[in-house]
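Ligands are counted one by one from 1 in listed order, and the atoms in each one are counted from 1 as well. For reference, positions follow the sequence shown, starting with 1. All heavy atoms count here, side chains included; hydrogens, waters and symmetry mates do not.
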Amino acid sequence: MSTVYLDGAFLPRDKAVVSVMDRGFLFGDGVYEVIPVYSRKPFRLDEHLRRLHDSLDGIRLTVPHAIAQWPATIGRIIELSDSDDQSVLIQVTRGPMDVRNHAFPKTTTPTVFIMSEPLVTPAEEQRAEGIAAVSTADYRWLRCDLKVTSLLANCLLRQMAIESGCQETVLFRDGHLSEGAASNIFAVKNGVLLAPPKSHLMLAGITYDVVLELAASHGLPHQVRDILEEETREADELWMTSSTKEVLPIVTLDGHPVGHHENAGKPGPVFWRMYGWYQDFKRTVMRG
Ligand code: PDD
């Protein structure tokens with residue numbers, strides 16, 4: 001049984017219990033982070049912790065943990081886990097309340113939870129074949145920049161993909177690409193990598209930043225700008241990115257092959273370059 005951290009204690013996962021009056025349970029009132037760990041080294045930890053604190057600020061929740069205190073606790077959870085490659089979840093809620101009331105309690109004791117699961121990145125065959133996606137209107141709220149635990153819309157949207165025999169749902173809002181149900185989406189057109197700009201309409205992905213940094217450092221032409229729905233459908237390549245999926249090519253969208261000519265419906269050449277850079281970068285980080 002894996003060991004988790006809950007409110008100052010390290011304990012077996014089946015012994016970790018949260019109050020039914022926790023606002024995370026009753027209202028989805030909390031934030032979270034998912035941090036990939038390779039060979040027991042957390043990837044982009046500082047960036048994930050900065051985003052966690054941005055999300056906490058965004059929901060006006062003060063945690064008595066300074067950013068500097070997280071790495072030791074996370075490090076202990078990583079040590080206590082069996083796998084070398086892990087996915088670490090940090091979740092902070094506004095804690096328990098005495099009576100059910102939407103308004104914040106006068107005094108809050110946040111619930112802080114950390115657990116690790118083995119990291120399951122996509123199998124090589126899946127990466128080589130690419131994945132199928134569907135698309136729909138982005139009906140989530142207008143603070144998609146906050147990584148909040150109220151994930152019902154994201155769950156329904158991801159389930160829509162699964163029930164259509166696909167792996168991800170690509171979201172469009174007001175005629176523009178926003179992101180996926182649980183990923184960021186990139187397009188490639190005529191050799192140029194296109195990424196939607198960070199805004200309140202999408203999560204500022206840590207993997208998204210890595211991909212743009214790698215594009216810049218390897219001289220891949222790229223533009224961060226609004227991407228029209230038609231441009232997305234006409235793209236030469238589409239990718240999804242996230243901490244657990246890394247970079248994955250989307251090869252069909254709503255049943256239509258992505259891309260043109262001999263590359264239609266297959267992972268494209270720009271994807272393979274980026275994937276190579278990403279793996280090299282990961283190796284460098286793991287060594288360092
Ligand atoms: N989700 N957009 C959404 C809505 C997400 O849920 C995620 C990741 C991303 C990608 O962010 P990053 O590259 O920092 O993982 C974008 C995580 C993995 C999850 O909810 O499990």
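- Using a 4.0 Å cut-off between charged nitrogen and carboxylate oxygen, E47 and R50 do not count as a salt-bridge pair.
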For ligand 1, which of its N or O atoms have a protein N or O partner closer than 3.5 Å, and how long is each gap?
{"from": "ligand 1", "atom 1": "1 (N)", "to": "K147", "atom 2": "NZ", "distance (Å)": "3.2"}
{"from": "ligand 1", "atom 1": "2 (N)", "to": "E179", "atom 2": "OE1", "distance (Å)": "2.6"}
{"from": "ligand 1", "atom 1": "13 (O)", "to": "I206", "atom 2": "N", "distance (Å)": "3.4"}
{"from": "ligand 1", "atom 1": "13 (O)", "to": "T207", "atom 2": "N", "distance (Å)": "3.0"}
{"from": "ligand 1", "atom 1": "13 (O)", "to": "T207", "atom 2": "OG1", "distance (Å)": "2.5"}
{"from": "ligand 1", "atom 1": "14 (O)", "to": "R51", "atom 2": "NH1", "distance (Å)": "2.8"}
{"from": "ligand 1", "atom 1": "14 (O)", "to": "R51", "atom 2": "NH2", "distance (Å)": "3.0"}
{"from": "ligand 1", "atom 1": "14 (O)", "to": "I206", "atom 2": "N", "distance (Å)": "2.8"}
{"from": "ligand 1", "atom 1": "15 (O)", "to": "S243", "atom 2": "N", "distance (Å)": "2.8"}
{"from": "ligand 1", "atom 1": "15 (O)", "to": "S243", "atom 2": "OG", "distance (Å)": "2.7"}
{"from": "ligand 1", "atom 1": "20 (O)", "to": "Y32", "atom 2": "OH", "distance (Å)": "2.7"}

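- Between E237 and the choices P249, P269, P267, the side-chain contact (heavy atoms from CB on, under 4.5 Å) rule is met once, by P269.
- A salt bridge is defined here as a Lys NZ or Arg NE, NH1 or NH2 lying under 4.0 Å from an Asp or Glu carboxylate O, and R44 with E213 meets this definition.
- Taking the ring centroids of Y208 and F186, they lie under the 6.0 Å cut-off.
- Using modelled atom types, one finds a donor on one side chain and an acceptor on the other under 3.5 Å when comparing S135 with R233.
- In summary, of the residues considered (D226, D145, D54, D209), a salt bridge (charged side-chain N to carboxylate O under 4.0 Å, His left out) with K198 occurs for D209 alone.
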